[in-house]
Novice: 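Before anything else, here's the structure in question.
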Amino acid sequence: MIGKKILVTGGSGFIGSHLCERLLNEGNEVICLDNYFTGSKQNIVHLLKHPYFEAIRHDITMPYFMEVDEIYNLACPASPIHYQFDAIQTVKTSVMGAINVLGLAKRVKAKVLQASTSEVYGDPVIHPQTEEYWGNVNPIGIRSCYDEGKRCAETLFMDYHRMNNVRIKIIRIFNTYGPRMHPCDGRVVSNLIIQALKGIDITIFGDGTQTRSFQYIDDLIEGIVKMMNTDDSIIGPINIGNPNEFTILELAKKIIDLTGSKSKIVFLPSPLDDPKQRKPNINLAKSTLNWEPKIQLNDGLIKTIEYFKTVI
Ligand code: NAD
Ligand code: UDP
């Protein structure tokens, strides 16, 4: 007997492919819907032979209809380089994508989870960030297509819940890394590992004192699935991230140590609106989901370095 029928939008991306794998392993039928903008068939090729896995090429800005029990809405480019490449399409993906999955959830009475982001806090003045904090977001900057798109998606989720009783879940994901990150997407962990492995200059934007808190992919997947499996009264938003905070310079030094690289660090201008600090308060995730991250940065980096050795 198979379990639930589950739609994962953005299922061939970094996080989506790990999520599809987990849901299949739990005995569910999984439909992966993706336009392959930043995802790839390579990420899901090992799943294609699975009898309960289906991959569909579709752009989430267009409606899609199917009978499903649950929807995980992950479709959206996540790296600054990719979401700024076509900023209008990024807004459409977040906003029209949310309207389309919420419309579907309403019609077939499915439960729907939104992969929101710590970017809704912008360049935060409250540290660490709690879910009550409304954020400090530039509405007209180069990151706004992503930040404001995701904020509007949260609004739509709440409004479909209040107006149409759609069963929703919102998680705010903090910086996540691991195998199957796109090697060219420019995010800091993948960039620095690839530079270290190739022995080329390690690029730090700004002076490297800005902070991030890095979560390994397996911890995130556990948190996402736990959130979906809560009862209908739990809607979030709930932060899912690792509260261990590092400066980007500390991260670079760790990666140089772990790879034994001879690369040297170079400092480049900081991108516009680059948040100076980011660290989740995860008390709500601990108390509501009985979840907290288990994988330390060193251990996660070692696994990720091994992965990138196979792809470069
Ligand atoms: P990713 O770029 O690897 O995956 C996104 C997937 O969505 C890709 O497969 C892409 O092809 C697909 N996609 C993009 N636009 C689409 C569209 N219009 N229609 C259909 N598919 C589309 O990124 P990721 O890191 O796996 O992120 C997944 C989700 O998690 C995103 O919504 C992102 O905002 C969110 N998130 C990620 C992080 C992180 O650190 N990785 C942090 C916060 C939030
Ligand atoms: N960053 C960096 N060098 C790089 C890529 C990124 O110093 O090669 C910095 C970036 O300016 C930011 C941090 O690392 O301060 C995290 O960037 P990323 O794009 O991974 O994620 P986000 O800014 O969305 O948290």
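Throughout, residue positions are numbered sequentially from 1 according to the sequence presented. Whatever order the structure lists ligands and atoms in, that order sets their numbers, starting from 1.
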Novice: Give the atoms of ligand 2, by number and element, whose distance to some non-hydrogen atom of Ile204 is under 4.0 Å.
Specialist: 7 (O)
Novice: Among all protein non-hydrogen atoms, which one is nearest to atom 9 (C) of ligand 2, and what is the separation to 0.1 Å?
Specialist: Gln210 NE2, 3.9 Å
Novice: Suppose we measure from atom 20 (O) of ligand 2 to each protein heavy atom; which comes out shortest, and what is that distance?
Specialist: Val188 N, 2.8 Å
Novice: Mind checking whether Gly39 has an N or O less than 3.5 Å away from an N or O of ligand 1?
Specialist: yes
Novice: Name the closest protein heavy atom to atom 22 (P) of ligand 2, giving the residue it belongs to and the distance to 0.1 Å.
Specialist: Arg143 NH2, 3.5 Å
Novice: Quick test: of every protein heavy atom, which one is nearest to atom 7 (O) of ligand 2, and how far off is it to 0.1 Å?
Specialist: Phe205 N, 2.8 Å
Novice: On the ring face of Tyr36, is Lys41 found with NZ or CZ under 6.0 Å from the centre and within 45° of the axis?
Specialist: yes
Novice: Number the atoms of ligand 1 from 1 as they appear, then name those within less than 4.0 Å of a heavy atom of His58, with their elements.
Specialist: 19 (N), 20 (C)
Novice: With only distance considered, is Thr93 within less than 3.5 Å of ligand 1 through an N or O on each side?
Specialist: yes
Novice: Just to confirm my output: which protein heavy-atom neighbour is closest to atom 13 (C) of ligand 2, and how far is it?
Specialist: Ile248 CD1, 3.7 Å
Novice: Contact between Tyr177 and ligand 1, counting heavy atoms under 4.0 Å?
Specialist: no
Novice: Under a 4.0 angstrom heavy-atom cut-off, which atoms of ligand 1 come close to Lys150?
Specialist: 31 (C), 32 (O), 33 (C), 34 (O)
Novice: With only distance considered, is Asp59 within less than 3.5 Å of ligand 1 through an N or O on each side?
Specialist: yes
Novice: Of all the non-hydrogen atoms in the protein, which one sits nearest to atom 3 (N) of ligand 2, and at what distance?
Specialist: Thr203 O, 2.8 Å
Novice: Could you tell me which atoms of ligand 1, counted from 1 in the order shown, lie closer than 4.0 angstrom to a heavy atom of Arg187?
Specialist: 23 (O), 25 (O), 39 (C), 40 (O), 41 (N)
Novice: Which protein heavy atom lies closest to atom 8 (O) of ligand 2, and at what distance to 0.1 Å?
Specialist: Asn191 ND2, 2.8 Å
Novice: Tell me whether Gly13 has any N or O atom under 3.5 angstrom from an N or O of ligand 1.
Specialist: yes
Novice: So is there a nitrogen or oxygen of Ser116 less than 3.5 Å from a nitrogen or oxygen in ligand 1?
Specialist: no
Novice: In the protein, which heavy atom is nearest to atom 17 (C) of ligand 1, and how far is it?
Specialist: Asn35 ND2, 3.3 Å
Novice: Quick test: of every protein heavy atom, which one is nearest to atom 36 (N) of ligand 1, and how far off is it to 0.1 Å?
Specialist: Tyr146 OH, 3.9 Å
Novice: Does the N or O separation between Phe37 and ligand 1 drop below 3.5 Å for any pair?
Specialist: yes
Novice: Ile60 heavy atoms, cut-off 4.0 Å: which ligand 1 atoms fall inside?
Specialist: 17 (C), 18 (N), 19 (N), 20 (C)
Novice: Nearest non-hydrogen atom to atom 10 (C) of ligand 1 belongs to which of Thr38, Asn43, Ile15?
Specialist: Thr38
Novice: Using a strict 4.0 Å cut-off to heavy atoms of Asn175, name the atoms of ligand 2 that fall inside it.
Specialist: 21 (O), 22 (P), 25 (O)
Novice: Would one find an N or O of Asn73, backbone or side chain, under 3.5 Å from an N or O of ligand 1?
Specialist: no
Novice: Can you sort out which atoms of ligand 1 are near Ala75, meaning under 4.0 Å from one of its heavy atoms?
Specialist: 7 (O), 20 (C), 21 (N), 22 (C)
Novice: Would you say Gln195 has any N or O atom under 3.5 Å from an N or O of ligand 2, going by distance alone?
Specialist: no
Novice: Which of the atoms of ligand 1 are close to Gln89, meaning less than 4.0 Å from one of its heavy atoms?
Specialist: 18 (N)
Novice: Atom 11 (O) of ligand 2: which protein heavy atom is closest, and how many Å away?
Specialist: Asp274 OD2, 2.6 Å
Novice: Can you confirm, on distance only, whether ligand 2 has an N/O atom lying under 3.5 Å from any N/O atom belonging to Val189?
Specialist: no
Novice: Using a 4.0 Å cut-off to any heavy atom of Asn175, which atoms of ligand 1 qualify?
Specialist: 40 (O)
Novice: N/O to N/O below 3.5 Å, does that happen between Arg187 and ligand 2?
Specialist: no
Novice: Does any N or O of ligand 1 fall below 3.5 Å from an N or O anywhere on Ser118, backbone included?
Specialist: no
Novice: Can you sort out which atoms of ligand 1 are near Gly10, meaning under 4.0 Å from one of its heavy atoms?
Specialist: 6 (C), 7 (O), 9 (O), 12 (C)
